[in-house]
Protein chains: 2
Amino acid sequence: MYSLLVMRIAASSERSMADLTARARIRDAAIACFAEAGFDTPFRTIAARADVSPGLITHHFGSKAALRAECDAEVFRRYHALKSDTLDDPSANLLERLARPGDAALVTVYMLRALHAGGTAARDFFESLVEHVRQVTAESVAAGLVRPSRDEDARARYLTAHSMGAMLVQYLLDPGRSPDDFVASVLTQERGQALPILELYTEGLFTNRRMLDEYLMYVGDPPVGAVVPADAGATAPTA
Amino acid sequence: MYSLLVMRIAASSERSMADLTARARIRDAAIACFAEAGFDTPFRTIAARADVSPGLITHHFGSKAALRAECDAEVFRRYHALKSDTLDDPSANLLERLARPGDAALVTVYMLRALHAGGTAARDFFESLVEHVRQVTAESVAAGLVRPSRDEDARARYLTAHSMGAMLVQYLLDPGRSPDDFVASVLTQERGQALPILELYTEGLFTNRRMLDEYLMYVGDPPVGAVVPADAGATAPTA
DNA sequence: GATCACGCTAGTTGCGTGTATAGCCTGCTG
DNA sequence: CAGCAGGCTATACACGCAACTAGCGTGATC
């Protein structure tokens with residue numbers, strides 16, 4: 001009976017038995033605190049949220065860096081779970097999935113904060129997102145919705161950096177607090193910007209093909225790492 | 001003779017005479033430190049860089065917040081100087097100007113850091129950039145290079161948030177340290193992503209006009225703040 | 001049912017920070 | 001040359017933090 005419960009939990013969320021302990025409570029509390037208040041949240045705050053004493057955190061995790069690492073790993077795990085959920089269900093899309101309140105919102109904001117903090121974790125999360133965008137665009141191309149690119153890899157990186165960057169900027173400019181509030185504001189803002197996005201994605205920005213054609217004349221087509229004469233894309237508005 | 005020198009300095013960089021004092025040295029050192037190491041750089045580090053004692057900073061500025069505010073104001077001033085330089089010279093563009101090593105690089109990275117830190121300063125810098133992008137796109141539209149948008153304001157916000165966000169992401173992911181190094185890497189990365197940018201700006205992303213047309217059918221044209229039925233732009237790759 | 005071990009807590013330590021204060025020292029002024 | 005004001009320094013304080021240590025309690029084991 002007990003083992004049956006454990007098995008069901010393990011099956012549904014892949015959590016190990018150890019997660020039923022206070023150690024897991026601390027980890028989850030830390031994830032929530034980190035997402036809401038940043039990674040410099042004091043031990044005391046985390047401890048209070050997990051209903052344990054501050055010392056216990058040290059006792060279990062040794063140092064703050066170790067706690068952080070474990071939280072990163074857990075969020076990473078949850079993100080991949082969300083991702084495969086999304087990929088399995090073709091009607092879903094990642095933005096909506098990630099902007100859903102609750103667990104998903106927590107994951108999103110945590111990853112944003114990790115990106116904000118920089119370092120190895122930021123790179124890992126980012127690479128993971130790039131990979132995901134590449135998969136989704138590939139599917140959209142196959143479905144005939146999106147034009148193929150001459151360099152799918154670079155495009156995935158570009159789209160990811162810009163999308164995540166814009167989300168990050170919004171997060172930083174918005175005084176919004178709770179993860180749920182934030183993902184809600186992301187959705188509304190996304191809708192406020194729907195028109196320029198659709199315009200850009202449908203009609204492009206330039207009135208003629210000159211710059212693209214000139215670029216293609218200089219360098220060979222597909223995966224280009226080469227340098228282009230000074231300011232190829234530079235006349236594009238600002239940066 | 002002395003006054004002549006002062007006048008030339010004042011004319012060339014608009015700095016007041018008071019800036020020749022140690023107070024200005026502290027401010028400049030703080031700007032450099034903030035840009036390179038973040039706003040939580042200790043007083044002592046700033047003091048060492050300015051070759052003064054830590055106490056002198058308090059003596060001149062009162063508090064750290066006041067020092068920060070004065071640095072923000074100074075950077076803001078320098079940015080606007082760069083901006084009007086760029087606007088006066090039609091052959092120049094802001095990205096190249098901001099990515100030039102030296103003073104401009106410092107301004108760029110400082111503003112990025114301010115954005116990174118959030119708060120009022122971040123909003124002010126951002127609004128300033130939006131305004132600038134709006135001017136540049138308006139000029140490009142007038143010159144027939146860029147298609148007009150049905151909502152120029154929203155487009156300027158969109159482009160600014162995404163461009164600055166991407167720069168910020170790159171800054172966070174890159175272990176790069178000095179402002180000069182960073183702006184150099186921005187330029188090279190910009191060139192590495194030139195192809196997807198040109199593709200997107202020239203050809204768009206979608207293969208057909210369906211989503212845009214559907215959107216336009218639902219809401220009136222120009223400055224739209226309205227909400228669109230659930231997932232209008234949602235099928236766009238990721239976010 | 002006594003013992004042992006482990007989860008857990010309270011209190012303490014040391015460090016780094018921003019800020020306050022008292023004094024030095026240089027360079028004007030009368 | 002005396003006096004003195006103000007830029008400037010060095011030292012000291014108070015606070016918040018992570019990390020450590022010793023001890024309490026509870027539940028499993030033989």
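None of the values given here were measured: they were computed from a predicted structure. Residue numbers start from 1 in every chain, and the chains themselves are labelled A, B, ... in the order their sequence lines are given, proteins ahead of strands. Just so it is clear, the values below take in all heavy atoms, side chains as well, and ignore hydrogens, waters and symmetry mates.
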Does the structure place the NZ or CZ of A/R23 under 6.0 Å from the centre of the six-membered ring of A/F61, at an angle of no more than 45° from the ring's axis?
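The answer is yes; both the distance and angle limits are met.
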With a 4.0 Å cut-off (strictly under) to non-hydrogen atoms of chain A, the first and last hit nts on DNA chain C, 5' to 3', are C/dC8 to C/dT9
With B/E131 via salt bridge (charged side-chain N to carboxylate O under 4.0 Å, His left out) - residues at least two apart
B/R134
Name all residues meeting the side-chain contact (heavy atoms from CB on, under 4.5 Å) criterion together with B/T58; count only those two or more places apart in sequence or in a different chain, and write none if there are none.
B/F43
Partners of A/E127 by side chain to side chain donor-acceptor pair (under 3.5 Å), sequence neighbours excluded?
A/R157
Which residues pass the side chain to side chain donor-acceptor pair (under 3.5 Å) test with A/Y158, not counting sequence neighbours?
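Partners of A/Y158 by the side chain to side chain donor-acceptor pair (under 3.5 Å) criterion come out as none, since no residue qualifies.
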Under 6.0 Å between ring centres: does that hold for A/Y110 and A/F76?
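No, too far apart.
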Tell me every residue that passes ring-ring contact (aromatic ring centres under 6.0 Å, His included) with B/F126, counting only those two or more places apart in sequence or in another chain.
none
For B/H116, all residues meeting ring-ring contact (aromatic ring centres under 6.0 Å, His included), sequence neighbours excluded
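In terms of ring-ring contact (aromatic ring centres under 6.0 Å, His included), with neighbours along the sequence ignored, B/H116 is linked to A/H116.
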Strictly by salt bridge (charged side-chain N to carboxylate O under 4.0 Å, His left out), give each pair with a member in residues 42-68 of chain B just once, sequence neighbours left out.
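Listed by first then second residue: B/E36-B/R49, B/R68-B/D72.
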Going by the salt bridge (charged side-chain N to carboxylate O under 4.0 Å, His left out) test, which pairs reach into residues 112-124 of chain A, not counting sequence neighbours?
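Sorted result for residues 112-124 of chain A: empty, none.
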What residues from residues 62-69 of chain A pass a heavy-atom cutoff of under 4.0 Å to DNA chain C?
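Of all residues in residues 62-69 of chain A, none places a heavy atom under 4.0 Å from DNA chain C.
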Rounded distance in Å - CG (A/D40) to C1' (D/dG16)
12 Å
Between CZ of B/R23 and C1' of D/dG7 the distance, given in whole Å, is 13 Å
Regarding B/S163 and A/H162, is there a side-chain donor-to-acceptor distance under 3.5 Å anywhere?
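A/H162 and B/S163 do not have a side-chain donor-acceptor pair below 3.5 Å.
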Side-chain donor-acceptor pair under 3.5 Å between A/T137 and A/E152, yes or no?
no
Produce the list of close N/O pairs, under 3.5 Å, pairing protein atoms with atoms of nucleotides 9-14 of chain D; give distances to one decimal.
unit_1	atom_1	unit_2	atom_2	d
D/dT9	OP2	B/S53	N	2.7
D/dT9	OP2	B/S53	OG	3.2

Using modelled atom types and a 3.5 Å cut-off, is there a donor and acceptor pairing between side-chain atoms of A/T45 and backbone atoms of A/T41?
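No, the answer is negative, given that no donor and acceptor are paired below the 3.5 Å cut-off.
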Which part of the nucleic acid does B/F43 contact within heavy-atom distance under 4.0 Å: base, sugar-phosphate only, or nothing?
base
The helix from C/dG1-D/dC30 to C/dG30-D/dC1: angle between its terminal axes, five pairs each, to 10°?
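About 10° separates the two local helix axes.
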